[in-house]
Student: 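What follows is a structure written as structure tokens; I'll ask about it next.
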There are 2 protein chains.
Amino acid sequence: MKVDFEELVTELKNKNIRLSHQRLKVLEYLTQNYTHPTADQIYNGLHHEVPTLSKTTVYNTLNSLAEAGLVRTINIEDNEIRYDISTGDHGHFKCKSCRKIYDFEVDINSIKATDLNGFEINDKNIYFKGICPQCQMSNKEK
Amino acid sequence: MKVDFEELVTELKNKNIRLSHQRLKVLEYLTQNYTHPTADQIYNGLHHEVPTLSKTTVYNTLNSLAEAGLVRTINIEDNEIRYDISTGDHGHFKCKSCRKIYDFEVDINSIKATDLNGFEINDKNIYFKGICPQCQMSNKEK
DNA sequence: GTTCCTGCAAAAGCTTTGCAGAAGA
DNA sequence: TCTTCTGCAAAGCTTTTGCAGGAAC
């Protein structure tokens with residue numbers, strides 16, 4: 001699940017994506033805040049440090065990175081896109097109470113979908129929803 | 001995968017959800033058009049037959065039905081909500097080319113998520129994306 | 001010097017909200 | 001009758017677009 005910033009930069013160069021200051025900062029944010037943030041959260045996290053940063057650029061950057069395969073988009077709920085820098089196989093659990101998203105390991109290749117013979121599958125997502133242990137505890141206390 | 005309209009009506013009664021004309025029509029649409037429609041598609045499909053129908057009512061109805069567990073919401077992509085009247089276990093495949101959503105059978109209980117001990121899991125979704133056989137064919141012809 | 005990127009403002013798209021009148025139980 | 005639902009208009013959010021100036025290469 002660990003993601004190396006330098007490796008990502010190399011990949012950007014390979015794909016002829018320019019290393020603008022803003023892009024590097026967004027990438028850096030994603031590697032340092034592994035919380036599946038929304039575009040808005042990334043913007044808010046960075047615009048103190050990069051005052052000229054605009055939301056448009058955050059969106060542009062995320063779209064470029066997603067197209068290049070460096071980030072994965074998560075559409076789990078609420079009509080908002082979340083971004084994940086780790087592209088390895090894993091599932092996502094969203095707590096309905098605190099809205100936090102947790103990763104979990106899962107062997108995606110073990111999922112058998114016999115109905116999909118002839119389909120070209122490029123992307124597999126597993127989304128679970130429920131209540132995380134912390135929220136179960138604090139709910140009981142009430 | 002087949003869904004019985006009468007059964008759904010009985011469930012509405014059990015849950016004290018009023019059987020308004022609009023609600024019944026939305027439910028009927030969902031059982032007769034098993035295409036994972038968006039709220040907009042449902043509205044467009046019905047407003048000839050039910051001219052006074054408003055989009056607000058479509059949204060209100062779908063939210064009530066989802067809350068009551070009679071429909072499932074699908075957030076697979078593009079920040080739009082799709083609705084599925086079949087609540088049995090199955091995965092969804094979205095073709096990136098024609099944007100159609102296909103169901104596929106999958107044994108959701110066979111998915112092992114050992115990291116989620118202590119998590120209360122209420123909902124499991126499996127989303128695959130790629131190119132469906134029809135689109136593969138028509139792409140080759142070009 | 002080119003080409004691509006940034007960021008402002010405006011627009012677009014989906015969904016929700018407030019509320020008065022209408023319909024269901 | 002009482003409660004809930006409908007539907008209009010308006011607002012709320014997230015995301016995209018157009019475009020002129022600026023930065024990367």
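Quick caveat, the model's predicted, so the values are computed rather than measured. Naming: A, B, ... by sequence-line order, numbering from 1 per chain.
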Student: Nearest to the side chain of A:Ile81 - D:dG7, D:dT15, C:dT16?
Tutor: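 The answer is D:dT15, which lies nearest to the side chain.
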Student: Report the distance from atom CD1 of A:Ile17 to atom C1' of D:dC25, rounded to the nearest whole Å.
Tutor: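 About 15 Å, once rounded to whole Å.
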Student: Under 4.0 Å between any heavy atoms, over every strand shown, what does B:Asn63 touch: base, sugar-phosphate, or nothing? Just pick one.
Tutor: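 B:Asn63: backbone/sugar contact only, no base atoms under 4.0 Å.
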Student: In whole angstrom, what separates A:Lys25's NZ from C:dG7's P?
Tutor: 14 Å
Student: Looking at A:Asn79, does any N or O in its side chain come under 4.0 Å of the phosphate oxygens OP1/OP2 on C:dC14?
Tutor: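 No, A:Asn79 has no side-chain N/O under 4.0 Å of OP1/OP2 on C:dC14.
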Student: Examine the base of D:dC5 for any acceptor or donor lying under 3.5 Å from a partner atom in the side chain of B:Ser20, and report the outcome as yes or no.
Tutor: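 No.
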Student: Quick check on C:dC8: is either OP1 or OP2 less than 4.0 Å from any side-chain nitrogen or oxygen of A:Ser54?
Tutor: no
Student: Which sits closer to the 5' end of DNA chain C, B:Glu80 or A:Thr61, going by the nucleotide each is nearest to?
Tutor: A:Thr61
Student: Would you say a side-chain N or O of B:Gln22 is under 4.0 Å from OP1 or OP2 of C:dA23?
Tutor: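 For C:dA23, neither OP1 nor OP2 has a side-chain N or O of B:Gln22 closer than 4.0 Å.
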Student: Is A:Tyr59 close enough to D:dT16 that one of its side-chain N or O atoms is under 4.0 Å from OP1 or OP2 there?
Tutor: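 Answer no for this pair, as no side-chain N or O of A:Tyr59 is under 4.0 Å from OP1 or OP2.
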Student: Under 6.0 Å from the CD atom of A:Gln32, do we count more than 12 heavy atoms belonging to anything else shown?
Tutor: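 Above 12, so yes.
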Student: Can you tell me which nucleotide in D:dC25, D:dT15, D:dC5 comes closest to the side chain of B:Arg23?
Tutor: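 Selected nucleotide (nearest to the side chain): D:dC5.
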Student: Can you find an N or O donor on one side and an acceptor on the other, under 3.5 Å apart, linking the side chain of A:Thr56 with the base of C:dC8?
Tutor: yes
Student: Distance check needed: D:dA24 C1' versus A:Leu12 CG, whole Å only.
Tutor: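 Result: 13 Å.
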Student: Whole angstroms only, please: what is the CD1-P distance between A:Ile42 and D:dT15?
Tutor: 10 Å
Student: What is the distance, rounded to the nearest whole Å, between atom CD of A:Glu67 and atom P of C:dC5?
Tutor: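 Taking atom P of C:dC5 as the reference, CD of A:Glu67 is at 11 Å.
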Student: For B:Asp40 and for B:Leu19, locate the closest nucleotide of DNA chain C by heavy-atom distance; then report the residue assigned to the nucleotide nearer the 5' terminus.
Tutor: B:Asp40
Student: Any donor-acceptor pair under 3.5 Å linking the side chain of B:Arg23 with the backbone of B:Arg18?
Tutor: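 Yes, because the side chain of B:Arg23 sits within donor-acceptor range (under 3.5 Å) of the backbone of B:Arg18.
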Student: Is it the case that more than 12 heavy atoms not belonging to A:Lys96 sit under 6.0 Å from its NZ atom?
Tutor: yes
Student: Could you tell me whether the side chain of B:Asn79 and the main chain of A:Asn79 form a donor-acceptor pair under 3.5 Å?
Tutor: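 Present.
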Student: How is A:Thr52 classified with respect to the nucleic acid when contacts are heavy atoms under 4.0 Å: base, sugar-phosphate, or nothing?
Tutor: sugar-phosphate
Student: Quick check: does any side chain N or O of A:Arg82 sit under 3.5 Å from a backbone N or O of A:His36, one acting as donor and the other as acceptor?
Tutor: yes
Student: Please report the distance, rounded to the nearest Å, between CD in B:Glu77 and P in D:dT14.
Tutor: 20 Å
Student: Any chain of hydrophobic side-chain contacts (each under 4.5 Å) joining B:Val106 to A:Phe119?
Tutor: yes
Student: Any side-chain N or O of A:Asn60 below 4.0 angstrom from OP1/OP2 of C:dG7?
Tutor: no
Student: Distance check needed: C:dT17 C1' versus B:Lys55 NZ, whole Å only.
Tutor: 16 Å
Student: Name the closest nucleotide to the B:Arg18 side chain, picking from D:dT6, C:dA23, C:dC8.
Tutor: C:dA23
Student: In whole angstroms, how far is the P atom of C:dG13 from the CD atom of B:Gln41?
Tutor: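 From B:Gln41 CD to C:dG13 P: 15 Å.
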